[in-house]
Amino acid sequence: KMAKDQFYRRGSFNSYQSNTSDEDMVEIAGASLDFSLADDVPPLDREPQEGYTNYNGTGMNGSSKIMDFLDEPIPGLGTYEDFNTIDWVREKSRDRDRHREITSKSKESLWALIKGLSDAFSGWLVMLLVGLMAGAIAGLIDMASHWMTDLKEGVCLVGFWYNHEHCCWTSSETTFEQRDKCPQWKSWSELFLNQSDGAGAYILNYFIYVSWAMAFAFLAVSLVRVFAPYACGSGIPEIKTILSGFIIRGYLGKWTLIIKTVTLVLAVSSGLSLGKEGPLVHVACCCGNIVCHLCTKYRKNEAKRREVLSAAAAAGVSVAFGAPIGGVLFSLEEVSYYFPLKTLWRSFFAALVAAFTLRSINPFGNSRLVLFYVEFHSPWHLLELIPFILLGIFGGLWGAFFIRANIAWCRRRKTTKLGKYPVLEVLVVTAITGIVAFPNDYTKMSTSALISELFNDCGLLDSSQLCDYINDVNSTKTIDDLPDRAAGKGVYMAVWQLALALVFKVFITIFTFGMKVPSGLFIPSMAVGAIAGRLLGIGMEQLAYYHHDWIIFKGWCSPGADCITPGLYAMVGAAACLGGVTRMTVSLVVIMFELTGGLEYIVPLMAAVMTSKWVSDAIGREGIYEAHIRLNGYPFLEAKEEFTHRTLAMDVMRPRRNDPPLTSLTQDGMKVEDVETIINETTYSGFPVIVSKESQRLVGFVLRRDLIISIGESFELYQIIEHS
């Protein structure tokens, strides 16, 4: 039996030791339990009575070396296995003990005082590094995705690394009317066939566009499948689960960070109906997890580490939207499970540093953080709340429909043979997207550029189809104060194209989100809402122009006045649809006005977002991230979920008539052999510790992993002492 015990103890200990690595979510050593007990309950760590003998058969005098050893941190003790939940009470207790020890030592010497100050400052240093990393990576992703998106349509002869916009900036031959065309930028048909028009040129551009899209998508899904399977998807459902205390080893590791950064650029550039905003939260949390390894107090404490990850999530949204305050509120409202006040301050600091870093890189070339900055020149009227609320209803209906349809498709993917062919699925969806998107200018362009154009307020100098209005040559209005005008042929053509784009985006996003490539949902949802809002805005504008004497327009919309701003309707619709899918409220409104600079339009945004949430909640309580958490079976306790049952824990824990008694450990009187028997005969992750079998009073809880490691380590030390 001794040989068997040696094998069991050594094998178990070594197997647990080998599971840790520098990129795992968990790397803790030296856990200690701190129980506050009543006077009638003896403490766990009390001194043994005289005459007590331990499991190796020697008395206290002979085992003093072993007891001294057990006072030292045992490597691996207090760590957690993969797909397990951390002990929040133990982690907070350990952090209090560590802080108490630092405070007491700081009074003894100057060096200890300096170490204490450095420990206090380390949290801000970690936030600084997280913000710098998140901002730098986001800037790199923005520039690379912009260039690769334009690469599908042509190439810059001055330097192939320039995108279309940057290529034409330096050209002296560009006219204002055709500012997107310059001799330095050549489409693929101009490069190969020396012609830009005609059937041959159109077919060649069509073919190369779809070919580049499929090449980017194939490379993205291949890298994810081979090197980092955790790099797929949005990442926000898993981040929420991790922040609630769950362990997913490697999900925030360095390989996941590298592959997600590269494949996110490829996926966005392929033209799929996805965004980079959700994955940027995952990327920022990877940065936070990696930086945590530089600081002992975060590396060895899972609760403290999750404070950093909450701040990293805020930094991720800050660089995704250029919205630092919205990022902090997003982390607080949407993803964080434990958010103390000091985490709020540090999240704000990390979001600030990340936004400053991104602004310094200036990836959009417009000296702003965001691509959607707008300037509307007319205020909104109270009666416009009616169409804004209608947009909120549309957003709620779209959100509920999308969640149900997407979850049904993802469940089908998991339970059928479809899930065995992720590469084929990505290629098919990419091919369909590219083939259908190319003929329509509003689906051919990148989704971010589409939203930017839909948010735009038309002026006299705009050459877009959406701004093809019939101008009054006798008007004395300034460029910034144009009256409502009759729609021209270009506007009607744009309306039809936008209607087709809306149908296409609604359905293709259902099949795209959840594939084995990095895929965010913020931008596609905003695009659906922006299209619907712009269409409604154009309709309201034409109604006001032709029927300004109607009762709904009388009194505030006189002839020749600038009454309706279609771009505002697009902005409100984008917020409504995003709110219907994610169920965000406060953080979404703040993100939208930071994203667009439209501080004056907070009330329309609030009305639409709140209406959207009410409508979508009436159909289904779960947002898209909670639905994916439930689909994947993650152990996430949703604070907003309501439980109707009234069963008590004691009713569930009481054994039934034919069940064996509950497995527990007593704090006194058990032999090591008894503990080993319990470990061998059960598969539980941990065991309750009680005073005695008679009283059944709970003292604490011990993890199976900690028992195996402690017994194995003590047995090895006993052998060393015995041989010496």
For the [atom1] atom of [X] and the [atom2] atom of [Y], what is their distance to the nearest 0.5 Å?
X      : Y      : atom1 : atom2 : answer
Ser448 : Glu277 : OG    : CD    : 6.0 Å
Trp345 : Leu341 : CH2   : CG    : 4.5 Å
Glu302 : Arg305 : CD    : CZ    : 4.5 Å
Lys613 : Met584 : NZ    : CE    : 11.0 Å
Tyr337 : Ile242 : OH    : CD1   : 15.0 Å
Phe402 : Thr509 : CZ    : OG1   : 6.5 Å

[X] (side chain) donor-acceptor with [Y] (main chain) under 3.5 angstrom:
X      : Y      : answer
Arg411 : Leu631 : no
Ser93  : Val89  : no
Arg412 : Leu418 : no
Lys240 : Glu334 : yes
Ser525 : Leu578 : no
Ser270 : Ala267 : yes
Asn289 : Cys285 : no
Ser616 : Gly395 : no
Arg299 : His293 : yes
Arg225 : Lys516 : no

Measure the shortest side-chain to side-chain distance between [X] and [Y] over non-hydrogen atoms and say whether it is less than 4.5 angstrom.
X      : Y      : value
Trp124 : Phe349 : yes
Ile86  : Arg306 : yes
Val268 : Ile141 : no
Arg413 : Cys410 : yes
Ile248 : Phe83  : yes
Thr582 : Ile236 : no
Val517 : Val224 : no
Ser685 : Asn84  : yes

Inset, instruction - State which residue, out of Ser318, Ser336, Ser347, fulfils the side-chain hydrogen bond (donor to acceptor under 3.5 Å, both in side chains) condition with Ser331. - result: Ser336
Flag if over 12 foreign heavy atoms under 6.0 Å of [atom1], [X]:
X      : atom1 : value
Tyr634 : OH    : yes
Lys297 : NZ    : yes
Tyr684 : OH    : no
Phe339 : CZ    : yes

Do you know which two heavy atoms are closest between [X] and [Y], and how far apart they sit?
X      : Y      : value
Gly399 : Val581 : CA-CG2, 3.8 Å
Gly514 : Ser519 : N-OG, 3.8 Å
Glu622 : Ala627 : OE1-CA, 3.7 Å
Ser446 : Thr149 : CB-CG2, 4.0 Å
Ile508 : Ser273 : CG2-CB, 3.6 Å
Ala213 : Thr430 : O-CG2, 3.5 Å

Should [X] and [Y] count as an ion pair when the cut-off is N to O under 4.0 Å?
X      : Y      : result
Glu626 : Arg621 : no
Lys417 : Glu425 : no
Arg100 : Asp97  : yes
Glu101 : Arg98  : no

Legend entry - Criterion side-chain contact (heavy atoms from CB on, under 4.5 Å) on Glu238 and Asn632, from CA distance to verdict: CA-CA 9 Å; Glu238 287 78 11; Asn632 293 325; 3.8 Å; yes
Inset, instruction - With side-chain contact (heavy atoms from CB on, under 4.5 Å) as the test, would you mind laying out the steps for Val609 and Met592 before giving the verdict? - result: CA-CA 11 Å; Val609 168; Met592 288 303 298; over 6 Å; no
Can you label the angle between the [X] ring and the [Y] ring as parallel, tilted or perpendicular, going by 30° and 60°?
X      : Y      : value
Trp88  : Tyr338 : tilted
Trp255 : Phe227 : parallel
Tyr625 : Phe522 : tilted

Inset, instruction - Decide side-chain contact (heavy atoms from CB on, under 4.5 Å) for Ile678 and Leu707; before the verdict, give the C-alpha distance in whole Å, the side-chain angles of both, and the deciding distance to 0.1 Å. - result: CA-CA 11 Å; Ile678 291 176; Leu707 281 175; over 6 Å; no
Legend entry - Aromatic ring proximity His282/Tyr251, centre distance under 6.0 Å: yes
Inset, instruction - Could you walk me through whether Ile619 and Arg404 pass side-chain contact (heavy atoms from CB on, under 4.5 Å), step by step? - result: CA-CA 10 Å; Ile619 300 173; Arg404 292 196 175 187; 3.7 Å; yes
Inset, instruction - Not counting sequence neighbours, which residues clear ring pair (Phe, Tyr, Trp, His ring centres under 6.0 Å) with Phe216? List them please. - result: Trp212
